[in-house]
Amino acid sequence: MFQDAGVHADTGVLESRLTSLGREEFARDVWGRMPSLTRGASDFSDVFSSAAVDELVSRRGLRTPFLRVAKDGATLPESSFTAPGGVGATVADQLDDTALWRAFADGATLVLQALHRTWEPVGAFTSRLAAELGHPVQANAYVTPPQNQGFDAHYDVHDVFILQITGTKRWLIHEPVVTAPTREQPWTGHRAAVAEAASGAPVLDTVLAPGDVLYLPRGWLHSAVAQGAVSVHLTLGVHPWTRHALAAQLAETALATLREDPAMRASLPLGAEGPDGELEEVRARLVTALTTADPAPLFARTRRAQGRPAPLGPLAQLAALDALTADTRVRLRAALEPRLSGERLWTRVGWLDLAPAELAAVGRLLDGEAHPARDLGTTLVRRLLRAGVLVPDAP
């Protein structure tokens, strides 16, 4: 019922570090369909570690909601593990490392959320994976004391790759009670069904050791208990685009088109008690609008909004501007999700209108490669550096 694989080396993050299956095989047999367990997939110490946990909790000045604390299936109130930042820091909800230590020693699980924003190696890893999968990816870390469980059986509304970092953890996996749930169908709306399903025999009962990876499609029930040592695992949440989401964007695009039709903006007759008499014409116009709708611009805009571009250092960017010459090599900032539409360049940092003479140069930039400023035009390069669209190529 589930895939159990070894591991081999390849070029992509998915194949080289998360599964032994080839990309095509994973897409055909596993993606969105069934769990997949890979033993000894990779050494993830370059991505995350116990030392990273201590660094984030005690030295980075993190605030909620970058951390949750859970115990016995319940989430503790934020006030129980936060405190004012002290002199010069007018924030009241910074993590209190002493309170966190006491909660952890008492059996609580620490959940470091959105690690793709707070720990650079995780951010780089998730960015590469998102580019390979074509779906947004976020990351959380779960730090559980020995012989403890942070959460009861539940399901997620996104796919997950579970990367065991340190320690061991026993996982119980059960079949879905809701197949491929959307965000509007969380497990909390099916508590009784989830509890009943989780009381039966699991499809998979396994212990993950460091380097193991477990893939779970959204909807699959899971719970986990740390074994004889502290367990740290990283969960990569893949938020897949769905046919339902595409249908919603088609409908939104069609409705926007109909809004420009004076006949569709006309009022219903006086005394109308329902859609009878109007429905046939409205349906026909809606079908026509759906048939001709192009959701690509809306899809691209939504996709841009679901992620962030690569980090940009203001001082380094200013230095690049000051040092700009015709020989300076520049490239598009990573993870911009650029889209050239007509004479406008859309990116995650905004849009820019371009002159017709600039279109060819910008088109060359979209290949993601480095180019000397002289080939693009130093005036255009300077403008794109100021906009945060271009960055100097790393030496």
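Since the structure is predicted, the reported quantities are computational estimates derived from the model, not experimental observations.
Linking ILVMFWY residues whenever their side-chain heavy atoms come closer than 4.5 Å, directly or via other members, leaves V91 and F81 in distinct clusters. Y142 and L216 end up in different hydrophobic clusters when Ile, Leu, Val, Met, Phe, Trp and Tyr side chains are linked at under 4.5 Å. Residue L336 is grouped with residue L380 when hydrophobic side chains (ILVMFWY) are merged at heavy-atom distances under 4.5 angstrom, including chains of intermediate members. The hydrophobic cluster containing V213 does not contain L172, counting ILVMFWY residues as joined when their side-chain heavy atoms lie under 4.5 angstrom apart, directly or transitively. Each of V111 and V137 belongs to its own hydrophobic cluster when Ile, Leu, Val, Met, Phe, Trp and Tyr are linked at side-chain heavy-atom distances under 4.5 angstrom.
Counting only distance, with no hydrogens or angles, the side chain of Y215 and the backbone of G32 share a donor-acceptor pair below 3.5 Å. Counting only distance, with no hydrogens or angles, the side chain of D212 and the backbone of G40 share a donor-acceptor pair below 3.5 Å. A distance-only check finds no donor-acceptor pair linking the side chain of E78 to the backbone of T64 [under 3.5 Å]. Remark: the backbone N or O of V287 is paired with a side-chain donor or acceptor of T291 at under 3.5 angstrom. Formation of a donor-acceptor pair under 3.5 Å by the H135 side chain with backbone atoms of W241 is found in this model. Remark: side-chain polar atoms of D156 are not paired, donor with acceptor, to backbone N or O of H158 under 3.5 angstrom. Although no hydrogens or angles enter the test, the distance criterion places a donor-acceptor pair under 3.5 Å between the side chain of E132 and the main chain of L14. Judged by distance alone, the side chain of R17 and the main-chain N or O of D43 form a donor-acceptor pair under 3.5 Å. For R33 (side chain) and R28 (main-chain N/O), a donor-acceptor pair under 3.5 Å exists by modelled atom type. Using modelled atom types, no side-chain atom of T19 and backbone atom of E15 make a donor-acceptor pair closer than 3.5 Å.
The side-chain heavy atoms of D327 and P372, taken from C-beta on, include no pair separated by under 4.5 Å. Looking at R218 and T242, their side chains come closer than 4.5 Å, going by heavy atoms from C-beta outward. Residues V177 and W187 are not in side-chain contact: their nearest non-hydrogen atoms beyond the backbone lie 4.5 Å or more apart. Looking at heavy atoms from C-beta onward, I162 lies in side-chain contact with T235 at the 4.5 angstrom threshold. No side-chain heavy atom of V57 sits under 4.5 Å from any side-chain heavy atom of W101. Using a 4.5 Å heavy-atom threshold, the side chains of P269 and E278 count as touching. The side-chain heavy atoms of P295 and L246, taken from C-beta on, include a pair separated by under 4.5 Å. For the pair D29/L21, no side-chain contact is recorded, criterion being any heavy-atom separation below 4.5 Å from C-beta on.
Remark: E120 engages no residue in a side-chain hydrogen bond (donor to acceptor under 3.5 Å, both in side chains) (not counting sequence neighbours). When the side-chain contact (heavy atoms from CB on, under 4.5 Å) test is applied to L324, the partners found at least two apart in sequence or on another chain are T328, A373, V381, R382, L385. Under the side-chain contact (heavy atoms from CB on, under 4.5 Å) criterion, V391 pairs with L312, Q317, R331, R333, not counting sequence neighbours. Taking R304 as the reference, nothing meets the side-chain hydrogen bond (donor to acceptor under 3.5 Å, both in side chains) condition, with sequence neighbours excluded. Every residue two or more places apart in sequence or in another chain that forms a side-chain hydrogen bond (donor to acceptor under 3.5 Å, both in side chains) with R63 is listed here: D93.
Here T126 contributes atom OG1 and W119 contributes atom CH2; the two are 14.0 Å apart, rounded to the nearest 0.5 Å. Atom CG of residue L332 and atom NE2 of residue H371 lie 8.0 Å apart, to the nearest 0.5 angstrom. Separation of atoms NE2 (H174) and CD (E196) is listed at 11.5 Å; rounding is to 0.5 Å. Note that the NZ atom of K71 and the CG atom of L110 stand 12.5 Å from one another [nearest 0.5 Å]. The CG atom of L234 lies 11.0 Å from the OG atom of S49; values are rounded to the nearest 0.5 Å. Annotation: the span from R348 atom CZ to R339 atom CZ amounts to 14.0 Å, rounded to 0.5 Å.
The nearest pair of heavy atoms linking D159 to P217 is OD2-CA, 3.6 Å. Of all non-hydrogen atoms in T253 and D294, the two that sit nearest each other are CG2-O, 3.7 Å. The two residues R383 and D353 come nearest to each other via the heavy atoms NH2-O, 2.7 Å. Listed here is the closest heavy atom pair of R183 and P186: O-CD, 3.7 Å. Shortest non-hydrogen contact noted between Y155 and G219 is CB-O, 3.4 Å. Counting all heavy atoms, side chain and backbone alike, V232 lies closest to S50 at CG2-OG, 4.1 Å.
More than 12 heavy-atom neighbours from other residues, nucleotides or ligands sit within 6.0 angstrom of CZ on R265. The neighbour count for R303 CZ, taken as heavy atoms of other residues, nucleotides or ligands under 6.0 Å away, is above 12. Within 6.0 Å of CZ on R386 lie no more than 12 heavy atoms contributed by other residues, nucleotides or ligands.
Using cut-offs of 30° and 60° on the angle between ring planes, the pair F125 and F44 is perpendicular.
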Enumerate, atom names and distances included, each donor-acceptor pair closer than 3.5 Å involving a side-chain atom of residues 146-154, sequence neighbours excluded.
{"residue": "Q147", "atom": "NE2", "partner": "Q227", "partner atom": "O", "Å": "3.0"}
{"residue": "N148", "atom": "ND2", "partner": "P146", "partner atom": "O", "Å": "2.8"}
{"residue": "Q149", "atom": "NE2", "partner": "F151", "partner atom": "O", "Å": "2.7"}
{"residue": "H154", "atom": "ND1", "partner": "D152", "partner atom": "O", "Å": "2.8"}
{"residue": "H154", "atom": "NE2", "partner": "H222", "partner atom": "NE2", "Å": "3.3"}

Is there a side-chain contact (heavy atoms from CB on, under 4.5 Å) between L352 and V389 once you walk through the steps? CA-CA 10 Å; L352 290 169; V389 171; 4.2 Å; yes
Given side-chain contact (heavy atoms from CB on, under 4.5 Å), test L62 with T118 step by step and report yes or no. CA-CA 9 Å; L62 292 187; T118 59; 4.0 Å; yes
Kindly determine whether L115 and L56 satisfy side-chain contact (heavy atoms from CB on, under 4.5 Å), including the steps that lead there. CA-CA 10 Å; L115 276 177; L56 284 161; 3.5 Å; yes
Derivation and outcome, side-chain contact (heavy atoms from CB on, under 4.5 Å), residues Q185 and V157: CA-CA 7 Å; Q185 299 170 305; V157 294; 5.5 Å; no
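Side-chain contact, Q164 with S231: a donor N or O sits under 3.5 Å from an acceptor N or O.
Salt bridge annotation for R364-D375: absent, with no cationic side-chain nitrogen under 4.0 angstrom from a carboxylate oxygen.
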